Amino acid sequence: MTAKTPKQTKTIMTDLVLPSETNPLNNLFGGELLARMDRCASIAARRHSRRIVVTASVNHVAFNRSVPLGSVVTVEAKVSRAFKTSMEVFLDVWIEDRESGQRTKANEAIYTFVAVDETGRPVEVPEITPETDLEKERFAAALRRKQLSLVLAGKMKPNEATELKALFE
């Protein structure tokens with residue numbers, strides 16, 4: 001399998017926040033944003049693996065800024081790291097000022113997807129080769145996040161989490 005770059009997986013979805021998607025404060029429902037992020041991330045993971053992908057986990061979501069009714073909201077996703085059959089996808093959510101057009105980062109999230117065949121069995125995915133400083137930073141941090149997740153799930157012993165241990169040495 002030929003390695004790919006995060007740029008090859010980049011997915012951008014832009015949409016308008018409509019009244020039926022908002023809470024009583026006229027801000028986008030968090031669940032609606034999660035669904036948009038899930039769809040965007042799944043496309044990025046599929047672009048990387050060229051396989052059917054399923055959401056394995058939502059590792060992190062930060063709702064840092066509300067997304068008001070009528071906003072133009074853009075979700076950007078890139079695969080940040082690929083493991084044997086799974087891919088971590090990092091998402092950035094932007095809102096656009098109605099008058100100036102200036103974009104502001106509103107939220108971010110990290111999802112994990114697994115590539116599967118037509119019977120639902122996991123299949124191997126290509127490696128990812130980060131290019132930019134941000135991609136390299138997210139790539140390195142992905143291994144620490146994976147090890148932490150495995151330790152918390154009881155699937156890895158803490159003393160085996162070499163990347164996590166290195167943070168404290």
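These numbers come from a predicted model, not from an experiment.
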Could you tell me the separation between the [atom1] atom of [X] and the [atom2] atom of [Y], rounded to the nearest 0.5 Å?
X: His48; Y: Thr5; atom1: NE2; atom2: OG1; answer: 9.5 Å
X: Asp38; Y: Leu33; atom1: CG; atom2: CG; answer: 11.0 Å
X: Leu143; Y: Ser80; atom1: CG; atom2: OG; answer: 11.5 Å
X: Met37; Y: Tyr111; atom1: CE; atom2: OH; answer: 4.0 Å
X: Phe90; Y: Arg138; atom1: CZ; atom2: CZ; answer: 4.0 Å
X: Glu76; Y: Thr11; atom1: CD; atom2: OG1; answer: 10.0 Å

Note, [X] side chain near [Y] side chain (heavy atom, < 4.5 Å):
X: Val79; Y: Glu88; result: no
X: Phe139; Y: Thr129; result: no
X: Thr9; Y: Ile128; result: yes
X: Asp97; Y: Thr104; result: no
X: Arg65; Y: Lys105; result: no
X: Arg51; Y: Asp117; result: yes
X: Val93; Y: Phe63; result: no
X: Val67; Y: Asn107; result: yes

Look at the side chain of [X] and the backbone N and O of [Y], then say whether any donor-acceptor pair between them is shorter than 3.5 Å.
X: Ser71; Y: Pro68; answer: yes
X: Arg47; Y: Gln8; answer: no
X: Lys78; Y: Pro6; answer: no

Show me the donor-acceptor pairs, under 3.5 Å and distance only, between side chains in residues 146-158 and residues at least two apart or in other chains.
{"residue": "Gln147", "atom": "OE1", "partner": "Thr162", "partner atom": "N", "Å": "3.4"}
{"residue": "Gln147", "atom": "OE1", "partner": "Glu163", "partner atom": "N", "Å": "2.9"}
{"residue": "Gln147", "atom": "OE1", "partner": "Leu164", "partner atom": "N", "Å": "3.4"}

Atom pairs and distances, side-chain donor-acceptor, residues 20-28, under 3.5 Å, sequence neighbours left out:
{"residue": "Glu21", "atom": "OE1", "partner": "Leu18", "partner atom": "N", "Å": "2.8"}
{"residue": "Glu21", "atom": "OE1", "partner": "Arg36", "partner atom": "NH2", "Å": "2.8"}
{"residue": "Glu21", "atom": "OE2", "partner": "Arg36", "partner atom": "NH2", "Å": "3.1"}
{"residue": "Thr22", "atom": "OG1", "partner": "Pro19", "partner atom": "O", "Å": "2.9"}
{"residue": "Asn23", "atom": "OD1", "partner": "Leu25", "partner atom": "N", "Å": "2.8"}
{"residue": "Asn23", "atom": "OD1", "partner": "Asn26", "partner atom": "N", "Å": "3.2"}
{"residue": "Asn23", "atom": "OD1", "partner": "Asn27", "partner atom": "N", "Å": "3.1"}

Report, as yes or no, whether the 6.0 Å neighbourhood of atom CD on Glu131 holds more than 12 heavy atoms from other residues, nucleotides or ligands.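 Atom CD in Glu131 is crowded, with more than 12 foreign heavy atoms closer than 6.0 Å.
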